[in-house]
Asks: 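Here it is, the structure in full.
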Amino acid sequence: MKAARIVEVEAYLGGRDPASHAYRGLTPRTAPMFGPPGRSYVYFVYGMYHCLNVVTERDGVAGAVLLRGAEPVAGFDKLPPRALAGPGKLARAFGLTTEHTNLDLVRYGATLSIHDAPPVPASRVVRSARVGLNDHATTSKPWRLYVRGSPGVSRP
DNA sequence: CGAATGATCCGA
DNA sequence: CGGATCATTCGA
């Protein structure tokens, strides 16, 4: 069983967020983003990487959080350093594919699940612009959060 | 900096 | 259908 502590995330909304996959409405790929919260949204990008999101808004409203970085906790043997630092690397380390989209992450005993952890002190939390976006208007939103100094963060 | 690499979506 | 785009990563 593999486990990791999430240390970097980015928020994406629906119609008002041009950087969001859900910006142009519901499509087969983005359908999970419009579904009930607590489910996964996994997409394939750049022809070789998968990214894992957690759906956050109520059923019918698009919104999700992209998991961008984590620290290994259990189940990773001889993991190369920073192998979980980055959304593509994180998804790869857990062997995630689009088969893992729209799964219930909150259900007890689920194959893929997310859990509570001790709170991160506010002094360790950094807010910044989201990574990898072209549009200038969208980068103005400070919707990336990460743990200061964590080796699981993709980029300082 | 640019290549890798293919699913997705829009417009025609 | 065709082609532009892409919430990335790695290596020169």
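Note on naming: letters A, B, ... go to the chains in the order of the sequence lines (proteins, then strands), and numbering restarts at 1 for each one.
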Asks: Counting Watson-Crick and G-U wobble pairs only, both distances under 3.5 Å, name the nucleotide matched with B:dC10, or none.
Replies: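 Its partner is C:dG2 (Watson-Crick or G-U wobble, both distances under 3.5 Å).
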Asks: Just wondering, do A:Asn53 and A:Val55 contact through their side chains at under 4.5 Å, heavy atoms?
Replies: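 The answer is no, as the side chains (C-beta and beyond) never meet within the 4.5 Å cut-off.
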Asks: Could you tell me which residues satisfy salt bridge (charged side-chain N to carboxylate O under 4.0 Å, His left out) with A:Arg39, sequence neighbours excluded, listed by chain and number?
Replies: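 Applying salt bridge (charged side-chain N to carboxylate O under 4.0 Å, His left out) to A:Arg39 gives none.
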Asks: Reckon A:Arg68 has a side-chain N or O less than 4.0 Å from the OP1 or OP2 of C:dT8?
Replies: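 Answer yes for this pair, as a side-chain N or O of A:Arg68 is under 4.0 Å from OP1 or OP2.
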Asks: Would you say the side chains of A:Thr98 and A:Thr101 form a donor-acceptor pair under 3.5 Å?
Replies: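 No donor-acceptor contact under 3.5 Å links the two side chains.
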Asks: Once you round it to whole Å, what is the distance between C1' of C:dC6 and OH of A:Tyr41?
Replies: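 Distance check: A:Tyr41 OH to C:dC6 C1' gives 11 Å.
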Asks: Could you check how far CZ of A:Arg130 sits from C1' of C:dC6, rounded to whole Å?
Replies: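 Rounded to the whole Å, the gap is 15 Å.
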Asks: Let me know the distance between OH of A:Tyr49 and C1' of C:dT9, rounded to the nearest Å.
Replies: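 After rounding, the reported distance stands at 3 Å.
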Asks: Mark yes or no for a side-chain to base donor-acceptor pair under 3.5 Å between A:Tyr43 and C:dA7, with no hydrogen or angle criteria applied.
Replies: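 Between C:dA7 and A:Tyr43, which were checked side chain against base, a qualifying N/O pair under 3.5 Å is present.
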Asks: Could you state the atom-to-atom distance from CZ of A:Arg92 to C1' of B:dA4 in whole Å?
Replies: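 Rounded to whole Å, this separation is 12 Å.
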Asks: Could you please name the option among B:dG6, B:dA4, C:dA7 that lies closest to any side-chain atom of A:Phe44?
Replies: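 Side chain of A:Phe44 sits closest to B:dG6.
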Asks: Want to settle it: does A:Gly47 or A:Pro28 sit nearer the 5' end of DNA chain B, counting the closest nucleotide to each?
Replies: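 Nearest nucleotide further toward 5': that of A:Gly47.
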Asks: Counting only side-chain heavy atoms from C-beta out, which of C:dC10, C:dA7, C:dT8 sits nearest to A:Leu133?
Replies: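 Out of C:dC10, C:dA7, C:dT8, the nucleotide with an atom closest to A:Leu133's side chain is C:dA7.
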Asks: What's the NE2-P distance between A:His50 and B:dG6, to the nearest Å?
Replies: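 The distance from NE2 of A:His50 to P of B:dG6 comes to 11 Å, rounded to the nearest Å.
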Asks: Let me know the distance between CE of A:Met48 and P of B:dA4, rounded to the nearest Å.
Replies: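 To the nearest whole Å, that distance equals 9 Å.
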Asks: Rounded to the nearest angstrom, tell me the gap between atom CG in A:Leu84 and atom P in C:dT8.
Replies: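 Spelled out: CG on A:Leu84 to P on C:dT8 is 16 Å.
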Asks: Among the nucleotides C:dA7, C:dT8, B:dC9, which one has an atom lying closest to any side-chain atom of A:Asn53?
Replies: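 Out of C:dA7, C:dT8, B:dC9, the nucleotide with an atom closest to A:Asn53's side chain is C:dA7.
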Asks: Does A:Tyr46 stack onto the base of C:dT8, taking stacking as ring centres under 5.5 Å apart and planes under 30° apart?
Replies: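 Base of C:dT8: stacked against A:Tyr46.
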Asks: I want to verify a distance call: between C:dT9, B:dC9, C:dC6, whose nearest atom is closest to the A:Val45 side chain?
Replies: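 Minimum distance to the A:Val45 side chain belongs to C:dC6.
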Asks: Round to a whole Å and report the spacing from CZ of A:Arg24 to P of C:dA4.
Replies: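 From A:Arg24 CZ to C:dA4 P: 16 Å.
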Asks: Considering Watson-Crick and G-U wobble pairs with both distances under 3.5 Å, what does C:dT8 pair with?
Replies: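 When the pairing criteria are applied, B:dA4 turns out to be the nucleotide that pairs with C:dT8.
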Asks: Can you tell me how the ring of A:Phe94 sits relative to the ring of A:Phe76, calling it parallel under 30°, perpendicular over 60° and tilted otherwise?
Replies: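 Rings of A:Phe94 and A:Phe76: perpendicular, as their planes differ by over 60°.
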Asks: Hey, does A:Thr111 have a side-chain heavy atom less than 4.5 Å from the side chain of A:Leu103?
Replies: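 Not in contact.
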